[in-house]
Amino acid sequence: MGFFELPLSNGWKFKDRDNHDPDAWMPVPTVPSTVQQDLIANKRLENPYVGFNELKAQWVNEKSWIYRTELKRPDIPTGAKFDIVFDGLDTFASVNLNGENILTSSNMFIGHRVDITKFVFESDAPCVLEIEFDCAQLKARELRNKYKDHKWEGFNGDMARLAVRKAQYHWGWDWGPVIMTAGIWRDVRLEVYTVRVTEVWPQIQLVPDHKTATITAAAEIDAAISGSYTVSFCLSLRGKQIDCQKFLVDSNSRKSVEAKLQIENPELWWPHGYGSQPLYDLSVSISEGPGKELHKMSKRIGIRSAEVIQQPDKHGKSFFFRINGQDIFCGGSCWIPADSLLPQIDRDRYRSWIDLMVKGGQTMVRVWGGGIYEDNTFYETCDELGLLVWQDLMFACGNYPVWPEMLESIQQEVVYNVCRLRHHASIVIYAGNNEDYQVQEQANLTYDYNDKDPISWLKSDFPARYIYEKLLPETMAKLSPGTFYHPGSPWGDGKVTSDPTVGDIHQWNVWHGTQEKYQIFETLGGRFNSEFGMEAFPHISTIDYFIENEADKFPQSQVMDFHNKADGHERRLATYLVENLRTATDLETYIYLTQVVQAETMMFGYRGWRRQWGNDRQCGGALLWQINDCWPTISWAIVDYFQRPKPAYYTVKRVMQPLAVGVRREHYDWSVVHARPPTKTKYEIWVVSSEREPANATVELRFLSIVSGANLQPPSVYNVTVIPNGTTNIVSDGVIDHIAQPEPHVLAVRLWVDGRVVARDADWPQPFKYLDFSDRGLVVKVQNGDLPREQRLALSVLRPVKCLVLEERDNVHLSDSALDIMPGDEQIVTVSGLSGSDLPLKYHYLGQ
C-alpha cells in the first residue's frame, strides 16, 4: 500500500465554547483558517481592517472556541498506520477523538502527529474529531498572575504575552492591531501508511576551492509493518541524475539511514545579482521489491558556503556575510507577517512579496522575531529567487520567563522548526531574539557578560539569557551546525546594544530617540544596521479601503490616527515634515509629503552605508524597518498591505543597483545656525559596485540652477576605473563657493558605462522648504512599449524636478518612480499592465 494522505480542509463547523445552544454551530468555509475569518464568513463579525472595526472584534479575543468534523474510515489494509497531522494549532488546543483526549498543545509554532489507528479500527462509524481552543489572552494573564516574582518587562502589547508561545504581534504592536486569533491555522490531514520517510537532513561540505561537494544525507524511516525495504538516495539537477545510492534496511533493527553523495564541480547557489540559483533535488524513497515505491520525500537544496565574518579592525570588529568566498553587502528589509489573519497569505502572495524585494535590488530579508516561523513557501521562494534570509527565533521585546514547562516547549519549538528549515540555502543566520537585550538594558535587569554560569542566569531577574546563550546555541549546534547563530538582534559580544563597533545595531535615533536629522543618517550607523526606518502614509487607494466616511479623509482624523499604532506618531511626522517641507492639509498632498520624507531618509541611510561597505567593510549591511504591513495602516513599511510600493521602495532600488553613483554636500544644520546660509560647502562624489570585475566608467557632474535650470558652470567629467565590490572615491574635497554662486543649485551626477547611463544621483540644498519648485516645465510623452499592455513614459524637464512619483495601480508595474529629473537628461519609465482604455497615470512632484 505504501503511503497516502487525505487533507481535512472541508467539512468543519465551529462555535463559541460557552454557547450550549444546539443551533450555535456555524459552517467553516475551509481550513486553515482563524476564528475571525470564520466569523466574518458567517456574517457575525465585520472586517476588522476597516474603520474602527478592530474595536468591534475585541470580544472575539476573550472567547474560547470549538471546531468539529467527522473522519470517515478509509479502506486501508490491516497493519497500516493511521496518523492525524496538525501543522499548526493556534494556540491552547485540546484535541479529542470520540470523546477521548489525544493531544494537548500550548505552542502555536509546533506541529503534531498523533497515531489514531485504534480509533479507526474500533468501528465502521465515522470518528468525531473536536478541537477546543482555549482563550490565549486569558490563559496568558492567568500565567502572569501565577508567576508574580518574574519581572514582566518589555515593549509593545500586554506583557502577559511573554508567557505564551504564540505570535507576539497578535497582542498588538506599534504597527499592528490587537487581533488574538485562534483556530487551525496551518494544514491538517490524515496520513495512512505502511512505511514512510519521516525526515531527510542534508549536510553539505563544500571544499574551499568549490571543486567538490559532499552531501551527507541522513534519513529516518517509520515502518508500521516490519520487513526489509530498499532505501534509495538520489541527487539530480534539472532532471539529470548525478548520484544514487541504495541500502537494504530491516525495519526491526534500523530506523535511520545515511548516504554520502559526491558532486564534482558543483553549480553554486548565489544570492541574486551575484550568480544563479541552481537547486539540486535530493530524494529519499522506500521501495518493496522492484519498482514498488512505497513513499518518497524530496528536498531542494542549494550548494554554497556561508560565513559571518567577525574580525578585529580599525573600526572595532567586523560583521558581514561572505557567500562562496565572496563578500556580500546585505542591503534589504525586515519582514513582519504579511497579515494579521495568517491563513489569508497564499502561495502567490508570498511569491509576489519576495519577487518585489528581489526586483527592488534587495539582497537579504530579516524574518522578525515577534511574528512566526514562516510558511515553507516563503523559504522555498527565497531559495528560488536568491534572497538571503536572516531568521530571528520567535522572541521579541521582552524578558521571557523560564519555568520548566516553558523551556521544554521552547526546546520542542526550536527542534521542530529548525529541522523543517535547515535545508534551505537562503537561510544564513539564526538570531536568538529581537531587542530582548535592549529590554534588559532599559529595565536595568541583571546582565554580566563575564558570568558564564547558566544556572545563575536562571536565578537572575533576566532569566531569558538562558534561552539565548545556552538552550538555543546548544540546540542549533546539534540541528544545524553549519548555520551561524547570533544571540540576539541587536547584539555584539555582550556590549551595550547601541555599540556601533561590534555586532548589529537597531538605529532608531531617526524617528524615535533623539530624532536626528535624516540627512546625517550615515553617521549614525554601526557594523551592521539591522533596523532603522521612517514612517509614511500608504497610497490614497489603501486609505480609501479602511476609511469609510469621506468626512474622515483628512490627515489628522481620528480613524487615521487609529490606523497608526506608533506612539507619538503625530509629533514625529510633524517634526520631520515641518523641518524639511512646506506642509499641506489636503490629504493627497500630505500623503505624498510623508512619502518624500521616507524616501529621502532611506536614501541617505542606504547611500552612505553602502559607501562605507567599501571602506574596509565598515558597514556590512542595512535592513530597513520594514518591507510590509500586516493590515492596511500607516507605518514604516515601504510597500503597503496591498503590495503598493511607496516611493522609498524605488529610492532603495536605485541605491542598491550593481553600480551606483553618489554625490553629497556636507550637512549644514539650518536649525542650529538659524537658517543663516553657508559661504562655502564641501562636496564628495563616489561610485559603489557589487560586481566582481572592475568597470571603465565616466562620471559627469553638473551644477544646475533650481530656478532657471541652467548650468552654472561647465560640467566636470571624470574617467574612472570602478573598484569591484567596493567604493571608488572620485571627488573628496570639492568646494562650492556660495558667494560666487549664490543661486540655489542641485549637484547632478550621471554614471556612464559603455556609452549608456547606468546610474544617477542628485544632491539638493537642504531643507526643501526653502526652495521654489514652481514652473518646472515637465513634459510626459507616452510611447508604445515593446510588449502588449506596455507603455514607455519619456520624462523631460526645463528645470530640476524633485521626487516625481507615478500613481500606483493594482496589477500595473513601474520600472521606476520617485525620480529626480534634470534638464537635458530625459528619463524613461516602463509601465506594464495598462490597457488601451485605461486613463493615464497620475503623478506628483515636489511643489507641483
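From a predicted model like this one, the values you see are computed outputs, not experimental measurements. Quick note: numbers below take in every heavy atom, side chains included, and nothing from hydrogens, waters or symmetry partners.
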Does [X] use its side chain to pair, donor to acceptor, with the backbone of [Y] at less than 3.5 Å?
X: Ser635; Y: Ala637; value: yes
X: Asn509; Y: Thr514; value: yes
X: Trp171; Y: Gln137; value: no
X: Ser106; Y: Phe92; value: no
X: Thr727; Y: Arg611; value: yes
X: Trp457; Y: Asp451; value: yes
X: Arg610; Y: Gly605; value: no
X: Thr575; Y: Arg571; value: yes
X: Tyr649; Y: Gly360; value: yes
X: Asp504; Y: Asn529; value: no

Aromatic plane relationship, [Y] with [X] - under 30° parallel, 30 to 60° tilted, over 60° perpendicular:
X: Trp390; Y: Phe319; result: tilted
X: Trp491; Y: Tyr437; result: tilted
X: Tyr400; Y: Phe395; result: perpendicular
X: Tyr641; Y: Tyr49; result: perpendicular
X: Phe546; Y: His563; result: parallel

Taking atom [atom1] of [X] and atom [atom2] of [Y], what is their separation to the nearest 0.5 Å?
X: Ser460; Y: Asn399; atom1: OG; atom2: CG; value: 8.0 Å
X: Met357; Y: His272; atom1: CE; atom2: NE2; value: 9.5 Å
X: Glu54; Y: Thr633; atom1: CD; atom2: OG1; value: 9.5 Å
X: Asp436; Y: Glu441; atom1: CG; atom2: CD; value: 11.5 Å

Heavy atoms, side chains only, cut-off 4.5 Å: are [X] and [Y] in contact?
X: Leu472; Y: Val414; answer: yes
X: Leu143; Y: Trp403; answer: yes
X: Tyr430; Y: Met476; answer: yes

| NZ of Lys452: more than 12 outside heavy atoms within 6.0 angstrom? |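 Result for NZ/Lys452: enclosed.
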| message | Counting only heavy atoms not in Asp448 (residues, nucleotides, ligands), do more than 12 fall under 6.0 Å from its CG? | response |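 Yes, enclosed.
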Can you check whether [X] and [Y] have ring centres sitting under 6.0 Å from each other?
X: Trp609; Y: Phe521; result: yes
X: Trp368; Y: Trp175; result: yes
X: His150; Y: Phe462; result: no
X: Phe532; Y: Trp508; result: no
X: Trp511; Y: Trp625; result: no
X: Tyr373; Y: Phe109; result: yes
X: Phe378; Y: Trp353; result: no
X: Trp152; Y: Tyr147; result: no

| Pair Lys517-Glu579, salt bridge (Lys or Arg N to Asp or Glu O under 4.0 Å): steps then yes or no | CA-CA 9 Å; Lys517 299 282 199 302; Glu579 281 186 342; 3.7 Å; yes
| request: Let me see the working for Asp158 and Arg141 under salt bridge (Lys or Arg N to Asp or Glu O under 4.0 Å), right down to the final yes or no. | output: CA-CA 9 Å; Asp158 184 343; Arg141 291 172 182 169; 3.1 Å; yes
| said: Assess the residue pair Gln612 and Asn615 against the criterion (side-chain hydrogen bond (donor to acceptor under 3.5 Å, both in side chains)); give the C-alpha distance rounded to whole Å, side-chain angles, the decisive distance to 0.1 Å, and a yes or no. | reply: CA-CA 5 Å; Gln612 290 172 9; Asn615 181 18; over 6 Å; no
| message | Please evaluate residues Ser318 and Gln310 with respect to the criterion side-chain hydrogen bond (donor to acceptor under 3.5 Å, both in side chains), reporting the C-alpha separation (whole Å), side-chain torsions for both, the decisive distance (0.1 Å), and the verdict. | response | CA-CA 5 Å; Ser318 66; Gln310 296 187 94; over 6 Å; no
| Looking at Arg664, His667, Gln766, which one forms a side-chain hydrogen bond (donor to acceptor under 3.5 Å, both in side chains) with Gln519? |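 When Arg664, His667, Gln766 are each tested with Gln519, the side-chain hydrogen bond (donor to acceptor under 3.5 Å, both in side chains) holds only for Gln766.
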| Looking at residues at least two apart in the chain, or sitting in another chain, which of them share a salt bridge (charged side-chain N to carboxylate O under 4.0 Å, His left out) with Asp640? |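 Asp640 satisfies salt bridge (charged side-chain N to carboxylate O under 4.0 Å, His left out) with no residue once adjacent residues are dropped.
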Short N-O contact, [X] and [Y], less than 4.0 angstrom:
X: Lys151; Y: Asp461; answer: yes
X: Glu474; Y: Lys478; answer: no
X: Arg527; Y: Asp313; answer: yes

| said: Under 6.0 Å from the ring centre and within 45 degrees of the ring axis: does the NZ or CZ of Arg322 meet both conditions for the six-membered ring of Phe320? | reply: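 No, Arg322 does not lie over the aromatic ring of Phe320.
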| field | Side-chain donor-acceptor pair present, Ser489, His506, cut-off under 3.5 Å | value |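 Side chains of Ser489 and His506: pair found under 3.5 Å.
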| said: Tell me every residue that passes side chain to side chain donor-acceptor pair (under 3.5 Å) with Gln344, counting only those two or more places apart in sequence or in another chain. | reply: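 Residues passing side chain to side chain donor-acceptor pair (under 3.5 Å) with Gln344: Asp339.
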| Taking all atoms of both residues into account, what is the closest heavy-atom pair of Thr181 and Lys166, and its distance? |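 So the two residues come closest at O-NZ, 2.8 Å.
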